[in-house]
*Asks:* 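Pasting in a structure now, in structure tokens, and then I'll have a few things to ask.
Basis for what follows: all heavy atoms, side chains included, without hydrogens, waters or symmetry-related copies.
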Amino acid sequence: MQENFRVIKTYVLRKGRMTQSQERDYNELSPVWCIPFKDEKINLVDIFQNTNPVVIEIGFGMGKATAEIAAANPNINYIGIEVHTPGVGKLLGEIRNRDLKNLYIIEHDALEVLEKMIPDESISGFHIFFPDPWQKKKHHKRRLVQRPHTDLIASKLAKGGYFYFVTDWLEYAECALPELTATPGLKNKYEGFAEKQEWRPETKFEKRGIEEERVITELYFVKE
């Protein structure tokens with residue numbers, strides 16, 4: 001049962017041509033700032049050359065908010081995981097333009113990255129901002145924020161680490177809340193939905209959701 005669940009992808013590869021600048025930055029900068037996928041655990045201290053906390057963002061889109069958060073927190077290390085190549089190229093350009101030293105990218109399926117590459121209890125936080133809500137009921141099995149995916153994520157969190165999820169699809173949040181509540185080791189920091197974390201920049205998807213009068217809902221859980 002677990003194996004069948006993992007075969008189901010939580011994303012689709014969106015078609016989209018890279019701009020000339022995105023393609024240039026991808027070709028020039030990915031050898032420096034992209035960590036190749038491999039079937040072995042990575043050493044985070046070796047990668048960042050320090051022992052600062054590490055936060056992973058799953059599905060950063062075009063990466064603008066990712067870059068802003070990394071720039072505002074130079075004493076925290078960040079890994080962005082994304083499968084959309086134009087977004088990877090865009091964020092690589094932001095890394096160069098902002099001269100960021102604390103942000104790397106892995107271009108691969110996030111769940112496989114967590115399973116194969118990330119050591120247990122090594123991550124201080126996870127950001128999942130506006131993932132695909134998979135609105136149709138028959139597609140709910142593709143949603144990222146549900147068990148057993150959240151069990152895997154929780155296993156990678158260090159004690160005291162956090163899981164921060166934001167969506168503009170209220171029904172997704174209502175389904176995710178009991179899934180996270182039932183995830184071993186995680187405890188809700190709030191009674192139900194979370195307050196907006198002031199340090200989180202507004203994303204393109206958030207702006208679109210507000211314009212379309214959808215409710216922005218947040219969940220914030222901590223590893224006990």
Side-chain angles (χ1 to χ4, degrees), residues 7-39 42 44 47-48 54-74 76-118 123 126-136 139 142-145 149 164-169 172 200-212 214:
V7 169
I8 298 168
K9 296 293 185 184
T10 60
Y11 62 88
V12 291
L13 283 171
R14 293 170 288 151
K15 293 182 179 179
R17 297 185 61 179
M18 300 177 78
T19 64
Q20 284 187 333
S21 63
Q22 289 167 1
E23 187 171 6
R24 181 196 65 230
D25 291 340
Y26 184 88
N27 291 333
E28 291 180 3
L29 302 174
S30 60
V32 181
W33 297 109
C34 285
I35 303 170
F37 175 79
K38 55 185 177 180
D39 187 0
I42 56 176
L44 297 168
I47 289 169
F48 290 100
V54 178
V55 171
I56 290 179
E57 179 174 358
I58 298 177
F60 56 73
M62 299 308 285
K64 186 172 183 292
T66 310
E68 288 183 21
I69 292 171
N73 299 279
I76 300 176
N77 297 323
Y78 295 90
I79 295 175
I81 305 177
E82 179 59 70
V83 295
H84 187 52
T85 304
V88 173
K90 180 68 172 177
L91 183 53
L92 285 167
E94 291 282 351
I95 291 172
R96 181 201 57 230
N97 296 340
R98 296 171 182 264
D99 193 27
L100 299 176
K101 308 297 185 186
N102 62 331
L103 174 57
Y104 281 84
I105 297 170
I106 303 178
E107 186 182 0
H108 197 78
D109 176 355
L111 293 173
E112 195 168 6
V113 170
L114 296 185
E115 287 175 351
K116 306 293 188 182
M117 297 180 68
I118 305 301
I123 303 303
F126 279 95
H127 299 166
I128 302 178
F129 300 153
F130 304 95
D132 193 327
W134 295 104
Q135 295 101 318
K136 294 181 180 179
H139 291 153
R142 290 182 173 270
R143 288 177 170 175
L144 176 60
V145 185
H149 302 329
Y164 184 21
F165 167 59
V166 187
T167 182
D168 62 346
W169 201 258
Y172 190 3
R200 182 181 63 80
E202 183 179 82
T203 72
K204 179 184 71 173
F205 291 103
E206 182 173 14
K207 184 176 181 182
R208 182 188 303 167
I210 292 170
E211 289 172 352
E212 296 177 3
R214 291 196 292 272

*Asks:* When rounded to the nearest 0.5 angstrom, what is the spacing between CD in Glu82 and CD1 in Ile58?
*Replies:*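 CD1 of Ile58 is found 11.0 Å from CD of Glu82.
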
*Asks:* Please report the shortest heavy-atom distance between Val166 and Tyr164, naming the atom on each side.
*Replies:*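 Nearest heavy atoms, Val166 then Tyr164: CG2-CE1, 3.6 Å.
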
*Asks:* If I take atom CD from residue Glu68 and atom CZ from residue Arg98, how far apart are they, to the nearest 0.5 angstrom?
*Replies:*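 With rounding to 0.5 Å, CD (Glu68) is 5.5 Å from CZ (Arg98).
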
*Asks:* Would you please classify the geometry between the His108 ring and the Phe37 ring as parallel, tilted or perpendicular, with 30° and 60° separating the classes?
*Replies:*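 Because their plane-to-plane angle is under 30°, the rings of Phe37 and His108 count as parallel.
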
*Asks:* Given the rule in the side-chain contact (heavy atoms from CB on, under 4.5 Å) test, do Met62 and Gln22 qualify, once you have shown the distances and angles that lead to the verdict?
*Replies:* CA-CA 10 Å; Met62 299 308 285; Gln22 289 167 1; 3.5 Å; yes

*Asks:* Evaluate side-chain contact (heavy atoms from CB on, under 4.5 Å) for Thr66 paired with Tyr78, printing each intermediate quantity in order.
*Replies:* CA-CA 9 Å; Thr66 310; Tyr78 295 90; 5.5 Å; no

*Asks:* side-chain contact (heavy atoms from CB on, under 4.5 Å) with Ile79: which of Ile47, Leu103, Val55, Leu44?
*Replies:*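 In the set Ile47, Leu103, Val55, Leu44, the residue that makes a side-chain contact (heavy atoms from CB on, under 4.5 Å) with Ile79 is Leu44.
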
*Asks:* Check whether any side-chain N or O of Glu212 sits under 3.5 Å from a backbone N or O of Arg214 as a donor-acceptor pair, and report yes or no.
*Replies:*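 Not confirmed, Glu212 side chain does not pair with Arg214 backbone.
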
*Asks:* Does the salt bridge (Lys or Arg N to Asp or Glu O under 4.0 Å) test come out yes or no for Arg96 and Asp25, once each step is laid out?
*Replies:* CA-CA 9 Å; Arg96 181 201 57 230; Asp25 291 340; 2.4 Å; yes

*Asks:* Ignoring hydrogens, what is the shortest heavy-atom contact between Pro31 and Tyr26? Give both atom names and the distance.
*Replies:*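 Scanning both residues, the minimum pair turns out to be CD-O, 4.3 Å.
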
*Asks:* Between Phe126 and Phe165, is the ring centroid distance below 6.0 Å?
*Replies:*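 Judged by ring-centre distance (under 6.0 Å), Phe126 and Phe165 do not meet the cut-off.
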
*Asks:* Would you say that more than 12 heavy atoms from the other residues, nucleotides or ligands in this model lie under 6.0 Å from the CD of Gln20, or not?
*Replies:*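 No, because the 6.0 Å sphere around CD of Gln20 holds 12 heavy atoms or fewer from other groups.
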
*Asks:* To the nearest 0.5 Å, tell me how far Ile69 CD1 sits from Leu100 CG.
*Replies:*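 Taking CD1 in Ile69 and CG in Leu100, the distance rounds to 12.0 Å.
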
*Asks:* Can you tell me how far apart CD1 (Ile81) and CD (Glu112) are? Round to the nearest 0.5 Å.
*Replies:*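 One finds 11.0 Å between CD1 of Ile81 and CD of Glu112.
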
*Asks:* At what distance, to the nearest 0.5 angstrom, does CG of Asp39 lie from NZ of Lys116?
*Replies:*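 Result: 4.5 Å between the selected atoms.
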
*Asks:* Could you check Glu206 against Arg200 for salt bridge (Lys or Arg N to Asp or Glu O under 4.0 Å), going step by step and ending with a plain yes or no?
*Replies:* CA-CA 11 Å; Glu206 182 173 14; Arg200 182 181 63 80; 2.8 Å; yes

*Asks:* First locate atom CG of Leu92, then atom CZ of Arg24, and finally report the distance between them rounded to the nearest 0.5 Å.
*Replies:*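 Going from CG on Leu92 over to CZ on Arg24, the span is 11.5 Å.
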
*Asks:* Between Tyr104 and Phe48, is a ring-ring contact (aromatic ring centres under 6.0 Å, His included) present by the stated rule, with each step listed?
*Replies:* CA-CA 9 Å; Tyr104 281 84; Phe48 290 100; 5.3 Å; yes

